[in-house]
Number of protein chains: 2
Amino acid sequence: MNVAYIARGETLGSKPSNMTELLRQNILNHITLSDEELESFCNLFNQKEVRKKNFLIREGEICKFEGFVTKGLFRVYHVDNNGFEQVLYFAQESWWITDIDSFTTEKPSCLYIQALEDSEVLLISKKDKDFAYNNIPKIEKLFRIMTQKTHIALQRRMIDNLSKTADQRYIDFIEKYPTLFQRLTNVQIAAYLGISHEFLSKIRRKIASK
Amino acid sequence: MNVAYIARGETLGSKPSNMTELLRQNILNHITLSDEELESFCNLFNQKEVRKKNFLIREGEICKFEGFVTKGLFRVYHVDNNGFEQVLYFAQESWWITDIDSFTTEKPSCLYIQALEDSEVLLISKKDKDFAYNNIPKIEKLFRIMTQKTHIALQRRMIDNLSKTADQRYIDFIEKYPTLFQRLTNVQIAAYLGISHEFLSKIRRKIASK
DNA sequence: ACAAAACATTGAACAAGTTCAATAAATGAA
DNA sequence: TTCATTTATTGAACTTGTTCAATGTTTTGT
């Protein structure tokens, strides 16, 4: 495995383990891998710093990476025809980020991924991910399981959006993501809940007065 | 592979190919498999008839299968606290159905899956699917790719629900699923769009008068 | 420390979507 | 064929959420 790794022109030797420690933990939460497999997979990632307000991708670009957040916070969002922003999801430490649509189809993205704080991510390219799929069979299982989990979460959110009132969705959000909640402005939360930030402000007043 | 297959107590010999023809096509649309792999995977499925209005699963039950529709039409829906139904998706011929949440976690489902027409499905149990994962490596890739695709579709729907008006979502639905549309009542379509059927009726009048 | 920008709140007028009740049309079961 | 059930339409009153504009507060960059 290491031979293939070196042959692909990457730097020789492992990255400092503190850089990929969170990633290793995250992977082992989903599947079991030998030290060698873990090592060679983690070595396919490159660290990148993204300062607050900077973009990992913008609409129209092709998403060439899949990322794992090791520090900071991102928002993945869409801008509609009227210029309004809808947040698909937030990603803090130990969350994965990509536009899976653009990444897999290699077509231009209709999403923006922006850092809301000074952040750090580990990025893997499509080429290296395909390499991992072909050479470390369990990686196929890893992403099958992870995609399943994010899909389940999105299904639940879809049902909630269809069945619950904005008040309830806001209360649920705080309960479900209590620490993330504290790192977000009301503008961002409103864009996630699918309401105007003015209306969120009125919801907050109503809740506070109880 | 056939030995393992027989050892698991299934009927000997392949099912008539007309029964699994649609399934075979669907699989080969996603990955390439040898005839033997295809054969042994398809043999893990059992056909089931479901008459109109009957349920494949109900809320509270544990979803023990993943299904592939060969004939007819299903709706997968949730019933909220006020008794309103939200349709997560419809599944006609060549679509897959399951409550992936309940199926993977083995916890009670919060969904109903009901036949809207006299239907037929090919079902695979969790045990047999795990068997396939462990013995036919490409099956892992198959479901990784399929889950990715359904996830991408759901992401798009999520964005549309957050950014578009009900009128536009209805027009989009007709354009995207022109044949499915003709098999559904307005009550079902409204439950998918997340609006009351009365309001859908008013949207239809408005559109017709143009 | 200061100016500029972003963020949060509020009210009033408005638009989108619901609820309820009444009626008509289509479908289904015996 | 007939009766019951489901489906579709419509109007009026209502609720939820938006829009716009004004005001004050907090953050940020330099």
Side-chain angles (χ1 to χ4, degrees), chain A residues 50-55 72-73 75 77 79-87 90 112 114-119 160-174 181-210, chain B residues 51-54 72-73 75 77 79-87 90 114-118 160-174 181-210:
Chain A
V50 188
R51 315 273 330 223
K52 183 170 177 171
K53 294 194 183 175
N54 284 0
F55 291 88
L73 175 60
R75 63 171 177 148
Y77 67 101
V79 180
D80 70 22
N81 296 332
N82 304 314
F84 289 98
E85 299 176 355
Q86 292 88 35
V87 170
F90 300 105
Y112 295 81
Q114 186 190 37
L116 293 174
E117 302 173 359
D118 291 343
S119 302
D160 284 352
N161 265 285
L162 291 173
S163 64
K164 291 180 178 172
T165 174
D167 302 42
Q168 195 55 53
R169 298 206 306 276
Y170 177 65
I171 293 167
D172 289 354
F173 183 83
I174 296 174
F181 161 72
Q182 298 172 49
R183 296 164 79 172
L184 295 168
T185 65
N186 290 338
V187 172
Q188 297 307 329
I189 295 172
Y192 179 89
L193 298 177
I195 57 177
S196 67
H197 68 275
E198 293 97 329
F199 188 56
L200 177 54
S201 186
K202 286 160 195 171
I203 289 174
R204 285 161 53 78
R205 178 178 42 169
K206 203 171 77 180
I207 290 172
S209 75
K210 280 179 185 170
Chain B
R51 314 279 323 229
K52 183 170 177 172
K53 296 193 182 174
N54 283 1
L73 175 59
R75 63 170 176 147
Y77 67 102
V79 180
D80 70 21
N81 297 332
N82 304 314
F84 290 100
E85 299 176 355
Q86 291 89 36
V87 170
F90 300 106
Q114 185 190 36
L116 292 175
E117 303 173 359
D118 290 343
D160 285 353
N161 267 285
L162 290 173
S163 64
K164 292 181 177 169
T165 173
D167 302 41
Q168 195 55 54
R169 298 206 306 275
Y170 177 65
I171 294 168
D172 289 354
F173 184 82
I174 296 173
F181 161 72
Q182 296 172 49
R183 297 163 79 173
L184 295 169
T185 65
N186 290 339
V187 172
Q188 297 307 329
I189 296 172
Y192 179 88
L193 298 177
I195 57 177
S196 66
H197 68 275
E198 293 97 330
F199 189 56
L200 177 54
S201 187
K202 286 160 196 171
I203 288 174
R204 285 162 53 80
R205 178 178 44 170
K206 205 172 76 180
I207 291 173
S209 75
K210 279 180 186 168

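Numbered from 1 within each chain, the chains take letters A, B, ... in sequence-line order. Small disclaimer: the values here were computed from a predicted structure and weren't measured.
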(request) Mark yes or no for whether N82(B), through its side chain, and F84(B), through its backbone, hold a donor-acceptor pair below 3.5 Å. (result)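 No, the answer is negative, given that no donor and acceptor are paired below the 3.5 Å cut-off.
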Within the structure provided, determine whether [X] and [Y] are in side-chain contact (heavy-atom separation under 4.5 Å).
{"X": "R204(A)", "Y": "Y170(A)", "result": "yes"}
{"X": "N161(A)", "Y": "L162(B)", "result": "yes"}
{"X": "V87(B)", "Y": "Q188(B)", "result": "yes"}
{"X": "F199(B)", "Y": "L193(B)", "result": "no"}

Which nucleotide in the list [options] gets nearest to the side chain of [X]?
{"X": "R204(B)", "options": "dG17(D), dT9(D), dG17(C)", "value": "dT9(D)"}
{"X": "T185(A)", "options": "dA8(D), dT18(D), dC7(C)", "value": "dC7(C)"}
{"X": "K202(B)", "options": "dT18(D), dT10(D), dG17(C)", "value": "dT10(D)"}

(message) Let me spell it out: for each of L184(B) and R205(B), pick the nucleotide of DNA chain D with the closest heavy atom. Which residue's pick is nearer the 5' end?
(response)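 Result of the comparison: L184(B).
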(request) Would you indicate, yes or no, if dG28(C) has its OP1 or OP2 atom less than 4.0 angstrom from a side-chain nitrogen or oxygen of K53(B)? (result)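 No, K53(B) has no side-chain N/O under 4.0 Å of OP1/OP2 on dG28(C).
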(message) Taking only side-chain N and O atoms of T165(B), does any of them lie within less than 4.0 angstrom of OP1 or OP2 on dA15(C)?
(response)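 Answer no for this pair, as no side-chain N or O of T165(B) is under 4.0 Å from OP1 or OP2.
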(message) For DNA chain D, which residues of residues 186-197 of chain B approach it to below 4.0 angstrom with any heavy atom?
(response)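 Result for residues 186-197 of chain B: N186(B), V187(B), H197(B), sorted by number.
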